[in-house]
**Q** 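Below you will find the structure I want to go over with you.
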Amino acid sequence: MKEILAGMPWWVKWVAIPLIAVMVFGGMIVSVVGFFIGLLFKVLVFAALVGGLIYVVRKFMSSSTSRGDW
């Protein structure tokens, strides 16, 4: 492989081959990145919902115990 690329101009190695790779594998790269961004978003939404639930339950429990004191 090194012998094949040794005779090529610099723009073939550094411009043409990466562009061909992006054209061929671009859809796969975009789908993988999209999957991970979607997964990260779902994890953040889950964490926010669980945090909100804990906050509401603690607020409700603290207000119900203060009412029982009187």
**Q** Shortest non-hydrogen contact from K13 to M8?
**A**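 Scanning both residues, the minimum pair turns out to be CE-O, 3.6 Å.
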**Q** Please determine whether residues V33 and F41 belong to a single hydrophobic cluster, defined as Ile, Leu, Val, Met, Phe, Trp and Tyr linked transitively by side-chain heavy-atom distances below 4.5 Å.
**A**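 Result: no, two separate clusters.
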**Q** Hydrophobic cluster membership, with links at side-chain heavy-atom distances under 4.5 Å among I/L/V/M/F/W/Y: are L39 and V45 in one?
**A**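 Per the 4.5 Å side-chain linkage, L39 and V45 are not co-clustered.
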**Q** If you measure from CG on L49 to CD1 on I54, what distance do you get to the nearest 0.5 Å?
**A**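 Reported to 0.5 Å precision, the distance equals 11.0 Å.
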**Q** Same cluster or not: W14 versus L5, using hydrophobic residues (I, L, V, M, F, W, Y) connected whenever any side-chain heavy atoms lie under 4.5 Å apart?
**A**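 W14 and L5: one cluster.
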**Q** Measuring from atom CH2 of W11 to atom CD1 of I17, what distance do you get when rounded to the nearest 0.5 angstrom?
**A**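 It is 10.0 Å, given to the nearest 0.5 Å.
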**Q** Check for me, please, whether L19 and V12 land in the same ILVMFWY cluster - side-chain distances under 4.5 Å, paths through other members count.
**A**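 Yes, same cluster.
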**Q** Under a 4.5 Å side-chain heavy-atom rule over Ile, Leu, Val, Met, Phe, Trp and Tyr, are F46 and L44 clustered together?
**A**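 No; tracing contacts between hydrophobic side chains, which count when under 4.5 Å, never links both residues.
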